[in-house]
> 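Structure provided below as structure tokens; questions to follow.
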Amino acid sequence: MKYLHRSLLALILGVVIVSLLGFCKEANKKKEMEKHAFGKTADGTPVELYTLTNANGLEAKITNYGGIVVSLLVPDRDGKPGDVVLGYETLEEYIENNPYFGTLVGRYGNRIARGKFTLEGIEYTLAQNDGENHLHGGPKGFDKVVWKADAVRSKNSVGLKLTYLSKDGEEGYPGNLSVTVVYTLTNDNELKIEYTAVTDKVTIVNLTHHGYFNLAGAGLGDILGHELMIKADRFTPVDKGLIPTGELRSVKGTPMDFTRAVAIGARIDQAAGQLVLGGGYDHNWVLNNGDGSLALAAKVYEPTTGRVMEVYTTEPGIQFYSGNFLDGSITGKGGKVYEYRYGFCLETQHFPDSPNKSDFPSTVLKPGETYTTTTIYTFSVK
Ligand code: BGC
């Protein structure tokens, strides 16, 4: 009887300890990743907002509507956190008018001339949603769809896995395309984005992330004082519709040369040439590392806060866009107005209009192949 009591006591104690451990683990998980309702789309689909936190106080809020990074809190050189991405506070505002703040972009990041391309002898026609050209996947690209979201955890990071099935014919693109994007916030202060996709028909894919950064803090000023380095000796010059001419032109001796860090605003306003066509910087740079391995592509330093962002990618190109279409008509988070050039984008990608440029690296994806690319934005201070 005495033994029975003891075993019973031990059993109860055991159960209590295991439950307590479980509770602590849950509480810990909760700290790293929180999930809240973020509203509903017009057809009633519920949308969530996930908060990812790392061990050093970096915090990313990401919604499964468009895979948008809604906010990204990064400490400055005094340890003071600031939100370094432009965006809105509510889902409604993102749905109503979003110039791609923080979104995922697909099926095809940037422009396809006149929305036309030919694959295996078949001509496909996409929407002309940017003058006569097709931009960022069309009127309802991956930035405007609700992704399925699942938490992914490992020892040194917290992540969000987003999946989406883009049906055959969606926005005019051929093939059922099954897409997975994993956002991971690591304890090394990296926001890592891993993209994969498979198709059941030959198609084209070029996925990217369209964060508008301002390392001094979103809405607190323009980005002209940020010092930028891009590891590229060449860029792809464009025509007046911002379609590449096909040439890979040397940056040497031009305002496109960012091989050494230069303030974004130092040479941005030119009377003629490529910067006039883009209304500032809105071009694709041909990264020196073109072999598909993960390599440093760009580095940005903001002198007043000391924040540094580095961009690593497996992609051959990067679109540097200096926020030339921002004009003060948008009021974002915290009631801050986004004026001209208040944010910049560094969109890792294959080159614009590649489906019509046989000399550019191919964006064709065939059944049986897997599209995989990785981009990492890392944060530090100087
Ligand atoms: C494009 C710009 C465009 C911006 C917002 C960038 O990727 O290159 O021309 O205005 O996205 O759509």
Side-chain angles (χ1 to χ4, degrees), residues 66-69 85-88 93-115 126-144 171 193 195 206-214 218 223 228 230 232 235-245 256 258 264 268 274-287 297-298 311 313 315-330 332 338-354 357 360 363 373 375 377:
I68 296 171
V69 176
V85 294
L86 276 58
Y88 293 116
E93 290 164 296
Y94 280 111
I95 292 175
E96 208 180 290
N97 174 30
N98 185 9
Y100 301 91
F101 287 152
T103 65
L104 294 175
V105 178
R107 275 187 206 196
Y108 199 96
N110 217 280
R111 292 173 176 81
I112 296 175
R114 288 179 297 283
L126 311 169
Q128 295 170 314
N129 60 334
D130 182 67
E132 60 171 8
N133 300 322
H134 177 82
L135 176 67
H136 292 332
K140 192 172 179 192
F142 293 178
D143 58 296
K144 293 183 190 70
E171 295 294 305
I193 315 175
Y195 306 82
N206 185 29
L207 307 178
T208 191
H209 170 73
H210 207 298
Y212 282 67
F213 297 94
N214 186 324
I223 45 81
L228 171 69
I230 305 178
F235 75 108
T236 51
V238 291
D239 65 16
K240 63 177 184 344
L242 297 179
I243 296 293
T245 59
M256 314 308 268
F258 285 97
I264 291 174
I268 199 167
Q274 283 293 314
L275 286 169
V276 172
L277 295 172
Y281 294 104
D282 193 353
H283 297 78
N284 169 72
W285 270 255
V286 179
L287 294 169
V311 187
T313 191
E315 288 282 25
I318 196 163
Q319 185 83 12
F320 165 44
Y321 168 58
S322 52
N324 314 309
F325 293 110
L326 296 174
D327 58 5
S329 60
I330 289 180
Y338 297 147
E339 305 280 0
Y340 188 44
R341 296 177 176 162
Y342 262 39
F344 68 89
C345 303
L346 285 169
E347 303 150 66
T348 55
Q349 61 183 8
H350 271 55
F351 310 165
D353 203 33
S354 295
K357 302 279 190 302
F360 285 0
T363 51
T373 72
T375 292
Y377 296 91

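First listed ligand is number 1; within each ligand, the first listed atom is number 1.
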> Would you call the rings of Phe235 and Trp285 parallel, tilted or perpendicular if under 30° counts as parallel and over 60° as perpendicular?
tilted
> Are any of the side-chain heavy atoms of Phe351 and Asp353 separated by less than 4.5 Å?
no
> Decide yes or no for Phe325 and Asp282: does some side-chain heavy atom of the first lie under 4.5 Å from some side-chain heavy atom of the second?
yes
> Ligand 1: which protein N/O atoms lie under 3.5 Å from its N/O atoms?
{"unit_1": "ligand 1", "atom_1": "7 (O)", "unit_2": "His136", "atom_2": "NE2", "d": "3.1"}
{"unit_1": "ligand 1", "atom_1": "7 (O)", "unit_2": "His210", "atom_2": "NE2", "d": "3.2"}
{"unit_1": "ligand 1", "atom_1": "7 (O)", "unit_2": "Glu347", "atom_2": "OE1", "d": "2.6"}
{"unit_1": "ligand 1", "atom_1": "7 (O)", "unit_2": "Glu347", "atom_2": "OE2", "d": "3.0"}
{"unit_1": "ligand 1", "atom_1": "8 (O)", "unit_2": "Asn110", "atom_2": "ND2", "d": "3.0"}
{"unit_1": "ligand 1", "atom_1": "8 (O)", "unit_2": "Asp282", "atom_2": "OD1", "d": "2.5"}
{"unit_1": "ligand 1", "atom_1": "8 (O)", "unit_2": "Gln319", "atom_2": "NE2", "d": "3.2"}
{"unit_1": "ligand 1", "atom_1": "9 (O)", "unit_2": "Arg111", "atom_2": "NH1", "d": "3.2"}
{"unit_1": "ligand 1", "atom_1": "9 (O)", "unit_2": "Arg111", "atom_2": "NH2", "d": "2.7"}
{"unit_1": "ligand 1", "atom_1": "9 (O)", "unit_2": "Asp282", "atom_2": "OD1", "d": "3.4"}
{"unit_1": "ligand 1", "atom_1": "9 (O)", "unit_2": "Asp282", "atom_2": "OD2", "d": "2.4"}
{"unit_1": "ligand 1", "atom_1": "11 (O)", "unit_2": "His136", "atom_2": "NE2", "d": "3.0"}
{"unit_1": "ligand 1", "atom_1": "11 (O)", "unit_2": "His210", "atom_2": "NE2", "d": "2.7"}

> How about Arg114 and Asn133: does a side-chain donor come under 3.5 Å of a side-chain acceptor?
no
> So, applying side chain to side chain donor-acceptor pair (under 3.5 Å) with Gln349, which one of Thr363, Thr208, Asn284 is it?
Asn284
> Which atoms form the tightest heavy-atom contact between Tyr94 and Gly87, and what is the distance?
OH-CA, 3.5 Å
